[in-house]
Amino acid sequence: MDRSRSSPLGRGLVHVALLAYTALCLAPVLLVVVNSFKSRRAIFAAPLTWPDASSFDLVGYRTVLGQGVFLNYFINSMIVTVGSIAAVLLFGAMAAFALSEYRFRLNTALGLFLALGIMVPIRLGTVSILQMMVAARLVDTHLGLILIYTAQGLPVAVFILSEFMQGVSKDLKDAGRIDGLGEYTIFFRLVLPLVRPALATVAVFTMVPIWNDLWFPLIVAPGEATRTVTLGAQSFIGQFVTNWNAVLAALTLAILPVLALYLAFSRQLIRGITAGAVK
Amino acid sequence: MTDVDHLALDAPLPALAAPGAAPARRHRLHIAVFLAPALLVYTAVMIVPLFDTLRLALYTRVDGVSAFVGLANFRALFGEPRWSEHLWSALGNNLVFFLIHMLLQNPIGVALAAMLSLPRLRGGAFYRTAFFLPTMLSFVIVGFTWKLILSPIWGVTPMLLGAVGLKGWFHPWLGQESSALITLALISVWQYVGIPMMLIYAALLGIPDEVVEAAELDGITGFSQFLKIKLPLIWPTIGICSILTFVGNFNAFDLIYTVQGALAGPNFSTDILGTFLFRTFFGNQLQLGDPNMGAAIATVMFAIILVGVSVYLFGIQRRMRRYQF
């Protein structure tokens, strides 16, 4: 066997390098979270220590939550993200089913049509999208954002899902047809449950860019009532820029839900990425 | 919108239907019903606006009325100094931004992936989770976090540098024209290394054991095995990572807006196409918004991305040797 790979010294060096990079990834986030629980004096005097009894202070959180708007921002982000994911999954799965199940003349052309949306970012259409949203009175609404993110997420969703749907047993569907099931029943009752893992992967992929987007909330829904967490944190921090407690607390509040979701779904997400790439 | 959107770029385009797919005639109505919602939203909210933006670039607004002006907006954009100076500076900065990504993101990604894919490595899942964490955070979080860390007011960075005796090296990097753009590119690399790392890691895992064993029998081991056997097999993946980075970089906006504001300071030294588009289209302290000029800039970005993707698809990807196992 290969000696260089199994030598304890080589292994040790690899772990040193990996741990060093782990520290580089985690330390900035940790620094913000830890300092958000400290008093202003401790933030500046000893930024690199854990909070103790004398330096522990929640004044930042009181300032942020006292504004009373952050909860609203979270609700807005939830509505927009969940709404978009639901639409992307349902519409995407339906289209993927049509493209993978039936042979028809426009099949390839439609595949190419959707591929355009994978390569060109939707942001480049912003000028026209804003005009359209103004005309349809969808500025500062959840629906406006949901429509944009649905269009953004659909092309990739259709590609991933149709690849998975090709793997669903044809015999199973034909057996359903012989038993008199309609095409819609076959789709909802037979095919959808079988591609559930793919749906989860698409959901995670779709969710991250939507939750984190700053561009469209800034342009299409900047109003206080529909502001998402990402835009809300951006404008809040801009406003409180000299109040370090509040800034650190706001950042922590924006990080924690993402962190929780990530730790819950990281296995799914990483498997999704690697599965897509191996293929 | 992160680069994750564009993962399926490498998927074969035609023939989505499985070989044994059902003939269409009986199902024409079903096909229409299944396709309608997705095609409707996608066409109305993405495709039509994309092409409408190209059209708007040929118009201008005079006293609230839209008037066709042909290529005048582009002549102004490239010819009039008040536009062209910003355009060329944004384009140049964007190129620098992209080059720094290419120089660092792929090599770091390859190095991390190579270490993670060592057989019987302990703690692999932990490392992967940690390395991918910054990619999950929004630019707003990442931007402000690094702005605080690099801030001379907080002093965390000088303190850390002081601990290793390099206190004199500290400068307010984000505030200096000479270093702000590079610093922002490094922050962006820090955030997005996770994507190439993950894709290359998957590609390395996909190399069959027989190939590696054959190399070992021939006495090719360790680092030379990586260079001679594994690296050639993962070039296509590195190509995908590069084109993802290209598309992502040439419509980047959020990080620079968060850290430096719409004016992409200091003195426009961090202005890239995304911030230039936003400023022109939306307006700011210095100028009123001009949707038609914004559309012209979006058209230029569209062309750049199209050229980049075409060069990759027809020039690079076709010449790359792919190995079927």
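This is a predicted model, so every value here is computed, not measured. In what follows, chains are A, B, ... by sequence order, proteins preceding strands, each numbered from 1.
Using a 4.5 Å cut-off on side-chain heavy atoms (C-beta onward), Leu48(A) and Leu160(B) make contact. Inter-residue side-chain proximity for Phe139(B) and Leu214(A) is flagged as unmet; no heavy-atom pair is nearer than 4.5 Å.
Residue contact with chain A, scored on non-hydrogen atoms closer than 4.5 Å, involves the side chain of Leu306(B) exclusively. In this structure, the portion of Pro134(B) lying under 4.5 Å from any heavy atom of chain A is its side chain and not its backbone. If you measure heavy-atom distances from Val247(A) to chain B, the contacts under 4.5 Å come from the side chain alone. Using a 4.5 Å cut-off between heavy atoms, Leu133(B) contacts chain A through both its backbone and its side chain. Heavy atoms closer than 4.5 Å to chain B are found nowhere in Leu90(A), neither backbone nor side chain. Looking at Leu18(A), the atoms closer than 4.5 Å to chain B (heavy atoms on both sides) sit in the backbone and in the side chain alike. No part of Ser310(B) comes within reach of chain A, as not one of its non-hydrogen atoms sits under 4.5 angstrom from that chain. Only the side chain of Phe97(A) comes within less than 4.5 Å of a heavy atom in chain B; its backbone stays farther off. With a threshold of 4.5 angstrom between heavy atoms, Phe282(B) approaches chain A through side-chain atoms but not through N, CA, C or O. With a threshold of 4.5 angstrom between heavy atoms, Leu137(B) approaches chain A through its backbone and through its side chain. For Ile141(B), the parts sitting under 4.5 Å from any heavy atom of chain A are the backbone and the side chain alike. In this structure, chain A has a heavy atom under 4.5 Å from the side chain of Val193(B), while its backbone stays farther away. If you measure heavy-atom distances from Val14(A) to chain B, the contacts under 4.5 Å come from both the backbone and the side chain. Both the backbone and the side chain of Ile255(A) come within less than 4.5 Å of a heavy atom of chain B.
With hydrogens and angles ignored, the 3.5 Å screen pairs no side-chain donor or acceptor of Trp211(A) with any backbone N or O of Met136(B). For Tyr262(A) (side chain) and Thr129(B) (main-chain N/O), a donor-acceptor pair under 3.5 Å exists by modelled atom type.
Around atom CZ of Phe44(A), more than 12 heavy atoms belonging to other residues, nucleotides or ligands sit under 6.0 Å away.
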* **Pair Tyr257(B)-Gln234(A), side-chain contact (heavy atoms from CB on, under 4.5 Å): steps then yes or no** => CA-CA 10 Å; Tyr257(B) 180 78; Gln234(A) 157 83 29; 3.6 Å; yes
* Asked: So Thr22(A) and Phe126(B), side-chain contact (heavy atoms from CB on, under 4.5 Å) or not? Walk me through it.
  -> CA-CA 9 Å; Thr22(A) 305; Phe126(B) 166 73; 3.9 Å; yes
* To do: Decide side-chain contact (heavy atoms from CB on, under 4.5 Å) for Leu251(A) and Leu148(B); before the verdict, give the C-alpha distance in whole Å, the side-chain angles of both, and the deciding distance to 0.1 Å.
  => CA-CA 11 Å; Leu251(A) 276 176; Leu148(B) 296 183; 3.9 Å; yes
* To do: Carefully, step by step, assess Val247(B) and Met119(A) under the rule side-chain contact (heavy atoms from CB on, under 4.5 Å).
  => CA-CA 8 Å; Val247(B) 175; Met119(A) 284 179 253; over 6 Å; no
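Chain A forms more heavy-atom pairs under 4.5 Å with one residue of Leu121(B), Leu116(B), Leu277(B) than with any other, namely Leu121(B). Comparing Leu218(A), Asn35(A), Leu19(A) by how many heavy-atom pairs each has under 4.5 Å with chain B, the most go to Leu218(A). Most heavy-atom pairs under 4.5 Å with chain B: of the set Ala17(A), Gly92(A), Pro155(A), this distinction falls to Pro155(A). Per-residue counts of heavy-atom pairs under 4.5 Å with chain A were compared for Trp190(B), Phe250(B), Phe302(B); the largest is that of Trp190(B).
From Asp254(B), atom CG reaches atom CZ of Arg123(A) across 4.5 Å, with rounding to the nearest 0.5 Å. To the nearest 0.5 Å, atoms CG (Leu30(A)) and OG1 (Thr145(B)) are separated by 11.5 Å. For the atom pair NE2 of His30(B) and CZ of Phe187(A), the computed distance is 13.0 Å after rounding to the nearest 0.5 Å. Remark: Phe278(B) CZ to Thr126(A) OG1 distance equals 10.5 Å, nearest 0.5 Å. Note: Leu24(A) CG to Phe131(B) CZ = 9.5 Å, rounded to the nearest 0.5 Å. Separating the CG atom in Leu31(A) from the CH2 atom in Trp154(B) is a distance of 4.0 Å, to the nearest 0.5 Å.
Within the structure, no pair that satisfies the side-chain hydrogen bond (donor to acceptor under 3.5 Å, both in side chains) test touches residues 290-301 of chain B, not counting sequence neighbours.
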Let me check something: any side-chain donor-acceptor pairs from residues 35-55 of chain B under 3.5 Å, sequence neighbours excluded? List them with distances.
unit_1: Tyr42(B); atom_1: OH; unit_2: Phe113(A); atom_2: O; d: 2.7
unit_1: Tyr42(B); atom_1: OH; unit_2: Leu114(A); atom_2: O; d: 3.4
unit_1: Tyr42(B); atom_1: OH; unit_2: Gly117(A); atom_2: N; d: 2.9
unit_1: Thr43(B); atom_1: OG1; unit_2: Leu39(B); atom_2: O; d: 2.5
unit_1: Asp52(B); atom_1: OD1; unit_2: Arg55(B); atom_2: NE; d: 2.8
unit_1: Asp52(B); atom_1: OD1; unit_2: Arg55(B); atom_2: NH2; d: 2.9
unit_1: Asp52(B); atom_1: OD2; unit_2: Ser128(A); atom_2: OG; d: 2.8
unit_1: Thr53(B); atom_1: OG1; unit_2: Gly125(A); atom_2: O; d: 3.4
unit_1: Thr53(B); atom_1: OG1; unit_2: Pro49(B); atom_2: O; d: 2.7

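Aromatic ring orientation, Tyr184(A) versus Phe34(B): tilted (interplanar angle from 30° to 60°).
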